[in-house]
Amino acid sequence: MSQKASPVARNHELKKGEIKEDDDDYVSDSDDEDEEFSIWFELKTAWKQHFIAIFVAFLAASMGFFHLQEFTSSALLKNILPHAHLESYRRMANISFCDSSDVNEGYFLFEIPKKHLSSLESHYEGDEFGQQELKCAQAQTQQGSLLKGLSPLYTTPTLEDITPIVSAVTNKNEKKIKAASLSFTGFGAKFVNLSPTPKLLFWDGRAVDDQRLVAEIPPMESIGTATTPGQSFSLTPVYDASSSLQRWTVTADEPILVYRSESEKVKDDVLQHKLQLQELNLVFAREYLIQTKRPWFSNFPRPPPSHPFWPADYLGQTHRVTAGDGDFTLKVSSVAPRVLEIDNFLTEQECQTLIATAQAKGLHPSTVVGDSAKNNAMVDSTTRSSTTTWLSRTHHELVDTIYRRAAHVFQVDDAVLRHYHHEDAKYHSLAEELQIVRYASGQEYTPHHDYVVPSISDPHQPSRFATLLLYLQAPTRGGETTFPRALQAHNHDGLVVPPLTGKAILFYNLLPDGNVDDVSQHGSNAVVDGEKWIANLW
């Protein structure tokens, strides 16, 4: 193994009177004073060269770091500011106990037993603007056994509502237009674990040995999943998956399934409080179902989303978006669920760059539940057969450009889609990393939901508000995105969106009244020929 000498050492090895070919220093054969001066000169020169090199390297590294973290100086200034929507957030917002006798449009009257007052009081803690509403609720306990309140109500449109031409010509003497009967019978289900210990939820499958784990449900929490009528699910202890504690056969009429343990006593104060919150939520869910004919899958109270929806009053409605690098047209292709299509959101070159970037990072089998970063992700190729990778906003400048463009589509400030690095930053990005997905021939994703069910005690009740799906490469055949429960006039398969390179679709996972949108269930048809590449931004 060879070792190179330093420039100073090599100069010492030169004989007197020699000139180094790549150096201007002359090693003289004069007296010792000249030689000593030469040595000090060489040391000074070498140190200066090293110092400059180190400084340049430090400067380049610093510039590279800030360039990757934030591509604009204006965003750096915003990093020290909290998200405005959280500063004004109130979990009990839009819930009224003072005006319960005056039911305005867009609200409905609900009733809850007064024994749940303590749970309401806990939701009002720290809410200075809601103290008057709390006093009204407390006053109602002196008047009867039920507390009456008002909550936001979203009314599902009819086909006549969303088809303006038909609405204009239809009268009492004409036959009203009817929605197509859907061939898809799936729906969402929610499983609630009202016990003090975690439980495992299994889908029993179509055969004895086909049982599959859905998720682990923490104590006093719940999870959601997509299913179809007649499917069977079992709940077991974590320590013994072979012992079934309860088994359900699900139906669309009863999609909220609750497990209560008779043998396990709740001794922990925190769990006892969560139990009370869940009981209140179940009471509200019954009231909501009666009024809307929709299951309440969110956690009460859950105020309406703080971010704006694009109006979707009728099919074909359009909106124009002016972004920093172009203009885009959003066209409503479904009202229930709310889906808008955007042609030419990406250029072909941008699509290819994203695919190449994802390939360079490497893809792994797509998961259906859990977090791969926490080593609890689960792969189920019968439900989702594809490969995936994730790109952070700082991974590539094009990814940052897409986030900027998406901010205009989401109608939010670009700053709320950034991960903050400043020490004074209070909140993380509202957006997740960009997910890149590759579907090979034969691969698919069965209908599912993108929303998540947060903890019952989480004060902010976070969930995926909207999904922006980008088509990076269309297959030769197959690979359509389906919304099999979309309200349509003639298509029994709901809304079917053919993949088109560069196109995007925006759809919402929440309803304007704060509930999740169960009919936002969507899937990817199997690729018949070729490859399909997409990106998801939540």
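Please read all numbers here as calculations on a predicted model, not as lab measurements.
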Could you report the tightest heavy-atom contact between [X] and [Y], atom names first, then the distance?
| X | Y | answer |
| --- | --- | --- |
| Val283 | Glu111 | CG1-O, 4.0 Å |
| Pro152 | Pro304 | CG-CG, 3.9 Å |
| Leu495 | Ser333 | CD2-OG, 3.7 Å |
| Arg464 | Leu510 | O-CG, 4.0 Å |

Would you call [X] and [Y] a side-chain contact if the rule is heavy atoms closer than 4.5 Å?
| X | Y | answer |
| --- | --- | --- |
| Lys190 | Ser222 | yes |
| Leu468 | Leu506 | yes |
| Val103 | Leu150 | yes |
| Phe187 | Thr227 | yes |
| Phe202 | Arg212 | no |
| Leu354 | Glu350 | no |
| Leu470 | Ile402 | yes |
| Val437 | Lys532 | no |

Distance-only donor-acceptor check, side chains [X] and [Y], under 3.5 Å:
| X | Y | answer |
| --- | --- | --- |
| Ser151 | Asn94 | no |
| Thr228 | Gln231 | yes |
| Gln473 | Thr501 | no |

Distance check, rounded to the nearest 0.5 Å: [X] atom [atom1] versus [Y] atom [atom2]?
| X | Y | atom1 | atom2 | answer |
| --- | --- | --- | --- | --- |
| Ser392 | Lys361 | OG | NZ | 6.5 Å |
| Ser334 | Glu341 | OG | CD | 10.0 Å |
| Thr329 | Asp343 | OG1 | CG | 8.5 Å |
| Leu430 | Leu417 | CG | CG | 6.5 Å |

>> Given Arg294, which partner from the list Asp517, Asp513, Asp518 fulfils the salt bridge (charged side-chain N to carboxylate O under 4.0 Å, His left out) test?
In response: Asp513

> Angle class for the Phe284/Phe108 ring planes (parallel below 30°, perpendicular above 60°, tilted otherwise)?
Replying inline: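 Geometry flag for Phe108 against Phe284: tilted rings.
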
> Taking it one step at a time, do Asn509 and Trp538 satisfy side chain to side chain donor-acceptor pair (under 3.5 Å)?
Replying inline: CA-CA 10 Å; Asn509 305 302; Trp538 293 294; 5.9 Å; no

>> Can you tell whether the side chains of Glu531 and Arg438 come within less than 4.0 Å, N to carboxylate O?
In response: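 Here Glu531 pairs with Arg438 in a salt bridge, since their nearest N and O are under 4.0 Å apart.
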
>> Can you tell whether the side chains of Arg418 and Asp400 come within less than 4.0 Å, N to carboxylate O?
In response: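 A salt bridge is present here (some side-chain N lies under 4.0 Å from a carboxylate O).
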
> In this structure, which one of Tyr451, Phe507, Tyr445 forms a ring pair (Phe, Tyr, Trp, His ring centres under 6.0 Å) with His522?
Replying inline: Phe507

> So Arg485 and Gln521, side chain to side chain donor-acceptor pair (under 3.5 Å) or not? Walk me through it.
Replying inline: CA-CA 7 Å; Arg485 300 170 66 185; Gln521 193 170 1; 3.0 Å; yes

>> Just checking Gln359: does its CD atom have more than 12 heavy atoms from other residues, nucleotides or ligands closer to it than 6.0 angstrom?
In response: yes

>> Does Gln411 have more than 12 heavy atoms from other residues, nucleotides or ligands lying within 6.0 Å of its CD?
In response: yes

Decide if the gap between the ring center of [X] and the ring center of [Y] is smaller than 6.0 angstrom.
| X | Y | result |
| --- | --- | --- |
| Phe300 | Phe110 | yes |
| Phe191 | Trp248 | yes |
| Phe410 | Tyr508 | no |

> Has the side chain of Asn193 got a donor or acceptor atom that lies under 3.5 Å from a matching backbone atom of Ile217?
Replying inline: yes

> Is there a donor-acceptor contact under 3.5 Å from the side chain of Asn515 to the main chain of Phe297?
Replying inline: yes

